[in-house]
2 protein chains.
Amino acid sequence: MSPEEILIKQTTSEVYSIYNPHLTAVDCIIFGFIESELKLLIIKRVMDPCKGLWSLMGGFVKPEESLDEAANRILYDLTGLKDLFMNQLHTYGEVNRDPGARVISTSYYSLIKIQDIDSDHEMISNACWWPISELPDLIFDHNAMVAKALETLRDEAHRKPIGFELLPPKFTLPQLQALYEAIYQQKFDKRNFRKSILKMNLLDQLDEKDKVNSKKGAYLYRFNEEKYNELIRQGFFFNIPI
Amino acid sequence: MSPEEILIKQTTSEVYSIYNPHLTAVDCIIFGFIESELKLLIIKRVMDPCKGLWSLMGGFVKPEESLDEAANRILYDLTGLKDLFMNQLHTYGEVNRDPGARVISTSYYSLIKIQDIDSDHEMISNACWWPISELPDLIFDHNAMVAKALETLRDEAHRKPIGFELLPPKFTLPQLQALYEAIYQQKFDKRNFRKSILKMNLLDQLDEKDKVNSKKGAYLYRFNEEKYNELIRQGFFFNIPI
DNA sequence: CCAAAAGTGTTCGCCGTACACCCATGA
DNA sequence: TCATGGGTGTACGGCGAACACTTTTGG
């Protein structure tokens, strides 16, 4: 630190010190897709207040980490996964939102491939995937956080290729359609759906078929991220009409 | 507070007390529209660090107020205006974003009718409206905050009727078009623009004309919020093709 | 051979886009 | 009367929406 910076630091910690600091936390809204349903990962809270009640996975921000780092750490602690799709959503700052103390909490939402989770991972045993359509009561304002996350997911999934974050690298078109139907809670026409997806030229059809759901089998596809980035550079916009 | 709540409070302040609190702030990105230009209200910072440099209007969150309340208070202190359009945008939590201390700051953006400002208001004399196309360097990460706010404004202005927040209650269609052209930094076809706006049936044409900009005069219109709410209830979506 | 899921084309109407001329009026 | 900004209509192409039958194959 340069002498000037030290000077500033001293001057200003005095100035800033008349203000009250607040506990600062992060809560993670974790979506997964399995059995044709959109699910949310929640845990039984292990500390008071509200110990034993359902809660989002959260934690306090440490002095040496940024908000984003805190969110990633918390997600990693729960799932053992790194470098996931993760976006900051909203910061909740009502004075009494947490009965234990004044805590200002920032929510993040992430989309994960359930298949990637190491089920031996420590904390995951306290956790549970719930269908979003039948969530239990969560502590504090966590239900509101989830509602906002869902709203955002619905706002984004048809304008950005984020749905693929919820599927394995190889997937079938019926699977992809089921995902969108789960997100938007409505049925889509098979032909129109395939047309609008394939028209974008972002999926590479593989030679393999997935015969889990039918005798005929459905072709596997892979999302081509290079093509996507190239198209974006040319002013293209991802779009699935909803 | 009930006995149980006190008990919880005691138990949990112990639990929570092992975590470090952080200074928590709010910064306001304030847009206005005047002289056919989109402008941003910024101030000369009055405290160290970076005293005298250009900055967004901001302040620390007080123990007894929510984040939203803090943002509204700060906007009120600067402009003397209440109940403005104001949305939370993003929370900035990099460890060293503020050289004075670790401060986690939440940005809010608001749209105001410049005409409403009481120019005698105390703090406004330190402030200045800058065209967004030629902003100076701002302190900390404030330029990034503005960039994100602009992105959000552009994302929302053609899908929600928020543009009207920047205009006086009575406005002409050429004015409205100039606003959209300022937001999106591109020209639109007069006929198509009028068609897409009027088709929605949200504007009431008045009998008055505004002759400020032409000899012929342009009809004044008023945004009809009741009609809008009614249409929304019926599943309507505001839309101006961009 | 049959049940169950995968895959495939066409038609229609609307909306987004491009485009050029007349109108009203104060100076 | 003329310069200036305000106001108006039409034609075309593409996209979203609706819609039904054939194909494959394991059991």
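A note on names: the letters A, B, ... follow the listed sequences, proteins ahead of strands, and every chain is numbered from 1. Not measured: the values here are computed from a predicted model.
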query = Is the distance between the ring centroids of B/Phe193 and B/Tyr180 under 6.0 Å?
reply =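 Centroid separation for B/Phe193 and B/Tyr180: below 6.0 Å.
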Let me know the distance between [atom1] of [X] and [atom2] of [N], rounded to the nearest Å.
| X | N | atom1 | atom2 | result |
| --- | --- | --- | --- | --- |
| A/Gln186 | D/dG16 | CD | P | 15 Å |
| A/Met200 | D/dG16 | CE | C1' | 14 Å |
| B/Gln175 | D/dG7 | CD | C1' | 16 Å |
| B/Phe193 | C/dA18 | CZ | P | 16 Å |
| B/Lys211 | C/dA24 | NZ | C1' | 8 Å |
| A/Ile197 | C/dG7 | CD1 | P | 14 Å |
| B/Glu181 | D/dG5 | CD | C1' | 14 Å |
| B/Leu206 | D/dG6 | CG | C1' | 16 Å |

_ring-ring contact (aromatic ring centres under 6.0 Å, His included), paired with B/Phe171, selected from B/Phe164, B/Tyr221, B/Phe33_ =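 The passing option is B/Phe164.
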Taking the minimum atom-to-atom distance to the side chain of [X], which one of [options] wins?
| X | options | value |
| --- | --- | --- |
| B/Lys215 | C/dG26, D/dC19, C/dG7 | C/dG26 |
| B/Pro174 | D/dG7, D/dG9, D/dG16 | D/dG7 |
| B/Ala218 | C/dT17, D/dG6, D/dA18 | D/dG6 |
| B/Asp189 | C/dC19, C/dG26, D/dA18 | C/dC19 |

**Prompt:** Honestly, is A/Lys39 close enough over A/Trp130, meaning NZ or CZ under 6.0 Å from the six-membered ring centre and within 45° of the axis?
**Reply:**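 No - A/Lys39 does not lie over the ring of A/Trp130 by the 6.0 Å and 45° rule.
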Aromatic rings A/Phe223 and A/Tyr228: how do their planes relate, parallel, tilted or perpendicular, breaks at 30° and 60°?
->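 Correct class here is tilted.
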[N] base to [X] side chain: any donor-acceptor pair below 3.5 Å?
| X | N | result |
| --- | --- | --- |
| A/Lys216 | D/dT23 | yes |
| B/Lys190 | D/dG7 | yes |
| B/Lys195 | D/dT8 | no |
| A/Asn213 | C/dA6 | no |

Open item on the list: By the 4.0 Å heavy-atom rule, please label A/Lys209 as base, sugar-phosphate, or nothing.
Closed with: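 The residue A/Lys209 makes no contact with any strand.
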Quiz prompt | Sole candidate of B/Asn72, B/Asp68, B/Asn87 that passes side-chain hydrogen bond (donor to acceptor under 3.5 Å, both in side chains) when paired with B/Tyr108 | solution =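 The option that passes is B/Asp68.
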Exercise for the section: Could you say whether B/Lys199 or A/Tyr221 is positioned toward the 5' end of DNA chain C, judged by the nucleotide with the nearest heavy atom to each? Expected result: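 Taking each residue's closest nucleotide, the earlier one in sequence belongs to A/Tyr221.
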task: Find which nucleotide of DNA chain D each of A/Ser214 and A/Asn239 is nearest to by heavy atoms, and output the residue with the more 5' nucleotide.
output: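 Here A/Asn239 is the residue nearer the 5' end.
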Next item on the list: For B/Arg194 and for A/Arg191, locate the closest nucleotide of DNA chain D by heavy-atom distance; then report the residue assigned to the nucleotide nearer the 5' terminus.
Entry: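 Whichever sits nearer the 5' end wins; that is B/Arg194.
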